[in-house]
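Just follow the structure's listing: the first ligand is 1, and inside any ligand the first atom is 1.
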Amino acid sequence: MPECEYCGDEFEDEKDLHLHWGDEHEEELNSHDQEKVKKAERKVEEQKEKELQKKKRYAGYGLGVALVLILVGFVGAQVMQNTGTSGPKTSFDLEGQPMIGEADAPVTVVEFGDYSCPHCARFEFGAFQKLKKNFIEDGDVKFYFVNFAFLGPESTKASVASECVYRQDSSQFWKYHESIFENQKDGFDTDSLVQIARDNTEGLDYEELRTCIDNRESIGDVRSDRQLGQSKGVSSTPTVYVDGRKVNNWQYSNLAQQINKALEE
Ligand code: CA
């Protein structure tokens, strides 16, 4: 161990000894020893600088990692929230509801929808068309539409009209249903709802349809549809169930995933 020749103290190494000289014996040092002190001080400075750079690097790295973890957590949470199903499995009494697909299809999909709801229109022309092509036409899924008319008098009127068409000729329902969504942006009144039927269905008695709409002959069905939804906790549209399980996201990819899962059960 180097020993201080001025006071006799011992030090770990030369550098510490020289630093001690600078602290305690500055006035006694010859120029040669002063050089040694400066060199030791420079070394300490360099080391400090290196440590600092290292810390900065790690801090940067740590921050990067933290950000990635936050992002992964966030996206993960989003994915968790936006896929799958939620709530307990429920069963519906779907007697008297329009259905498309094979009666013995193994999986049942139910949509609660409102004819004035833009998301329902998006569902109709997006996910539903793909479902039709990939699952309904193949006999894997039967699909029911239930009115959840909650956006005002025009919604209710369109629902009444759709139920009137269903009563007159259930085979014309789905074409009419789609056409109502196609004309959503223009709003609905009796004239427009009858006209949509004239333009898009075949063989109906259109005067009878007008009377049915004007007299709200099917309002009971529209009300009981909504009650069915409310009894299951439906509060927005579209709300979609796959085999009695409410999906967290009605995008096609999630629906297809849930249907495939149900097909395996
Ligand atoms: Ca209905």
Side-chain angles (χ1 to χ4, degrees), residues 90-103 105 107-125 127-129 131-132 136 141-184 188-190 192-194 196-197 200-201 203-206 208-247 250 255:
T90 187
S91 61
F92 295 100
D93 177 5
L94 295 165
E95 178 87 45
Q97 301 292 356
M99 186 272 277
I100 183 170
E102 305 288 337
V107 174
T108 300
V109 176
V110 181
E111 176 198 359
F112 287 87
D114 179 304
Y115 286 114
S116 298
C117 141
H119 284 306
C120 299
R122 276 180 52 209
F123 176 81
E124 177 69 21
F125 298 111
F128 174 68
Q129 297 301 322
L131 284 184
K132 207 154 77 171
I136 298 172
V141 163
K142 51 183 167 181
F143 182 96
Y144 290 85
F145 178 80
V146 181
N147 287 294
F148 194 79
F150 75 129
L151 292 174
E154 291 190 22
S155 293
T156 305
K157 195 155 208 161
S159 293
V160 164
S162 76
E163 295 283 358
C164 289
V165 166
Y166 183 68
R167 284 175 170 203
Q168 246 197 70
D169 183 352
S170 61
S171 75
Q172 297 299 302
F173 174 82
W174 291 99
K175 188 72 199 87
Y176 187 55
H177 169 82
E178 185 180 318
S179 306
I180 299 176
F181 279 121
E182 248 162 13
N183 289 278
Q184 181 186 72
F188 307 118
D189 58 21
T190 302
S192 69
L193 287 163
V194 172
I196 292 167
N200 297 283
T201 61
L204 295 180
D205 182 331
Y206 296 101
E208 189 187 316
L209 175 62
R210 177 180 291 279
T211 309
C212 183
I213 298 170
D214 271 342
N215 294 344
R216 292 158 60 95
E217 286 169 17
S218 59
I219 190 70
D221 296 329
V222 175
R223 286 190 181 134
S224 62
D225 277 14
R226 184 159 172 197
Q227 277 159 10
L228 176 64
Q230 280 169 332
S231 74
K232 304 296 176 185
V234 172
S235 60
S236 64
T237 56
T239 294
V240 181
Y241 288 80
V242 173
D243 263 0
R245 289 195 172 89
K246 185 175 169 180
V247 298
W250 47 264
L255 284 177

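- Partners of Arg223 under the salt bridge (Lys or Arg N to Asp or Glu O under 4.0 Å) rule, at least two apart in sequence or in another chain, do not exist in this structure.
- Residues Val160 and Ile219 approach most closely at CG2-CD1, 3.8 Å, considering heavy atoms.
- Excluding waters, the set of protein N/O/S atoms under 3.0 Å from the Ca ion (ligand 1) reads Gln97 OE1, Glu163 OE2, Asp225 OD1, Asp225 OD2.
- For Phe188, there are no ring-ring contact (aromatic ring centres under 6.0 Å, His included) partners at least two apart in sequence or on another chain.
- The two atoms that bring Cys164 and Ile213 nearest to each other are SG-N, 3.9 Å, heavy atoms only.
- In summary, the aromatic rings of Tyr115 and Phe145 are positioned with their centroids under 6.0 Å apart.
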Show the atom names and distances, to 0.1 Å, of all donor-acceptor pairs under 3.5 Å that link a side chain in residues 234-245 to residues at least two apart or in another chain.
residue : atom : partner : partner atom : Å
Thr239  : OG1  : Ser236  : O            : 2.6
Asp243  : OD1  : Thr108  : N            : 2.9

